[in-house]
A.B. asks: 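Let me give you the structure first, and then I'll get to my questions.
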Amino acid sequence: MQKVYVSFDPCWRGLSITDVILYPMLPLGEKKKIAIMQHVTSGWNPGMTSRKYNEGLSFDLTFRDLSYAAGKGKEVKHILHGVSGSFKSGQLTAILGPSGAGKTSLMNILSGFKKSGMTGQVDVNGAKRKFKQFRKQSAYVTQHDHLLLNLTIDEYMTAAAHLKLGNNVTDKEKRSTIESIQKTLGLSNSKQTKVSCLSGGECKRLSIGLELIDNPAILFLDEPTSGLDSSSSMLCIALLRDIARSGRTVVTTIHQPSTRLLDQFDHLYIVAGGRCMYQGPVDSLIPYLQTMNLYCPSYHNPADFAIDVASGEYGNVLPKLIDGIENGRRIYQENSVTSPASPSLSHDTGFYEDDEMDPMLDVCSTKKKGKKKNKDEHHYGSPFYSQVAVLLGRTWRTIWREKILTTMRLILHVCISILVGLLYWQIGDDANAIHNNAGMLFFSLIFILYAAMMPTFLTFTLEREVLIREHLNQWYSLKAYFLAKTLADIPFQLVFPTIFMVPLYFMSNQPMCADRFFMLLTIMICMALVGQGIGLFFGAAFDIPMASYFAPISCIPFLLVSGFMIQVNAIPPYLRWIAHINFLHYSFEGSMLSIYGGDHPPLSCFEDYCHFRYPIKFLEQFNLTHSSYYLSVIGMVVSFIVIRVAGYFALRFKLRHVR
Ligand SMILES: Nc1ncnc2c1ncn2[C@@H]1O[C@H](COP(=O)(O)OP(=O)(O)OP(=O)(O)O)[C@@H](O)[C@H]1O
């Protein structure tokens, strides 16, 4: 009988499987498991290659009397109740607790993702945390992997490296960092795979890998093992432990870890009902519970037991446990007297003073030496212009890869153009069809508006989550993102209206004059840019259901007072101002003047009498004789700028609201 020895690298703590397996006798499922583990281990290599960024930085995190409440007024919900604690560099800390205990809330506050609704103090190396510097030196891998689906792993990591490491690191160094992380995380074999095709575990590893690029001093992870099988979870935690060993502070929430997984952690912090019921080493947990007469049954997972206790399954013992650990002010250590969690947390020593030297600032000031950096470089890895360039390239790539959406948009513009062209066949020069022609131009404006607006808010509401994660992890500034987003879309807003206009213009027999064609095209392009801005505004301010209702509806009043449905001088004077701030009014005016303004020759008349043979009469009817085409364009450009600025502030507000 053939014997196959399957052994794993002994340096993988807790993973040593040295049993001799009688392979052929194993059931098929077991064989598969072994094959998978061998495959996984061949990729996942917890021995992190040392990287120099942020090297030498080590931050101990302490927090005291943290309380957090969400909601307002009667809806307010108190989630954390004066918890304290201490997480040390070089240690892998697990935050455990029953579902809804407040683990994610605590993580959000410690990482700086949440600021509103909290009280208490977070210190770094004993001095009060400074948010911007802290965000630059730390990274937060959130529970949900919000990633851009159309980029490959390699493209994603390259963009992240350019953004996070900036221009002072050579491309060669960036590449070797990326390759080492890919190797470490077992992503090398799928580096050319698009995110949309990755498995859940690979997405999680990519999320972690992206944040490892600049080797953050503090790494927060919210349930990094969710969606991973047990062996992948083990490898993931082994990797985190390895990162912690290199001097980093690694804090992770975790759901129901197995005994083997639990053993990987150095420090446990257990939350129950928004309070701390245990803080200390893993192997002191059971002794601590025993001091409260809580005995873990033999062969029972200590983590499960602790969670059962936290859930109240062993009676009302929580107050005693919370008191015993002073709601996180103390760290329990078996065989030693309960010790204060840190000097700053001790009752006697009190807080460090605010004006004490801030180690975070110190780090930055050391970096400042040598080369003067602008404001962006203090807070972000690369300067503003590099951020815009990288984001522009990345956005272009993602839009280009949205092949189905882009092709559909293209086809739609051509088809609608031909359909309208057939409906309004050769009416452009017919004096008696002048109202129909105006209707067609007005419809074209509305089509361009909605065709630009709808896809923008639908895609942007999804992309917004990626932006929130990346921006809060200090990859780039909001201004850089917004500028890149605006610039990346411009070519599309030039191409689509042109594709729409060309067939329609000729089919409907508009004046065969280049000036008029380009004047009308300019108005259509302005309309597309405004429409895209409106989409961005609603995508930034609302979620998809709200945005898909409000964005189209909000344009209806502007349609009414555009001057086509009701002439501007017929609008009650107290409402007339709306027309003057109305981009649709300027676009309608501009399109009419493009076709009928200036010295337009008489139109053809195919009946006995044609009232509008001279188009000036038509302009008189619409009160457009004194209007200026250039003012209409300026009105559109101003609308474009105002709506973009509103979109930027909506996004800023949203980001603040998230925090
Ligand atoms: N913005 C909010 N408004 C109202 N309640 C909230 C808000 N955020 C969190 N909560 C509530 O606070 C409690 C703690 O939430 P949190 O996500 O921190 O728990 P958790 O321990 O991470 O849970 P899980 O393990 O299930 O992810 C939950 O009951 C949750 O419903």
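Heavy-atom basis, side chains included; hydrogens, waters and symmetry copies ignored. Ligands are counted one by one from 1 in listed order, and the atoms in each one are counted from 1 as well. Keep in mind that this is a model prediction, so the values were computed, not measured. Numbers for residues simply follow the sequence, beginning at 1.
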A.B. asks: With a cut-off of 3.5 Å and sequence neighbours excluded, list every side-chain donor-acceptor pair involving residues 536-552.
C.D. replies:
| residue | atom | partner | partner atom | Å |
| --- | --- | --- | --- | --- |
| D543 | OD1 | R464 | NH2 | 2.5 |
| S548 | OG | I544 | O | 2.6 |
| S548 | OG | P545 | O | 3.2 |

A.B. asks: Fit a plane to each ring of H267 and F87, take the angle between them on a 0 to 90° scale, and name the class: parallel (under 30°), tilted (30 to 60°) or perpendicular (over 60°).
C.D. replies: perpendicular
A.B. asks: Check for a donor-acceptor pair, side chain of N301 on one end and backbone N or O of P257 on the other, with a separation under 3.5 Å.
C.D. replies: yes
A.B. asks: Can you list the steps and then say if Y380 with Q387 is a side-chain hydrogen bond (donor to acceptor under 3.5 Å, both in side chains)?
C.D. replies: CA-CA 9 Å; Y380 305 99; Q387 293 173 34; over 6 Å; no
A.B. asks: Between D266 (side chain only) and L92 (backbone N and O only), is there a donor and an acceptor less than 3.5 Å apart?
C.D. replies: yes
A.B. asks: If the criterion is any heavy atom closer than 4.0 Å to an atom of ligand 1, which residues make the list?
C.D. replies: A70, K77, I79, P98, S99, G100, A101, G102, K103, T104, S105, E223, H255
A.B. asks: Relative to each other, are the rings of Y278 and Y288 parallel, tilted or perpendicular (30° and 60° limits)?
C.D. replies: tilted
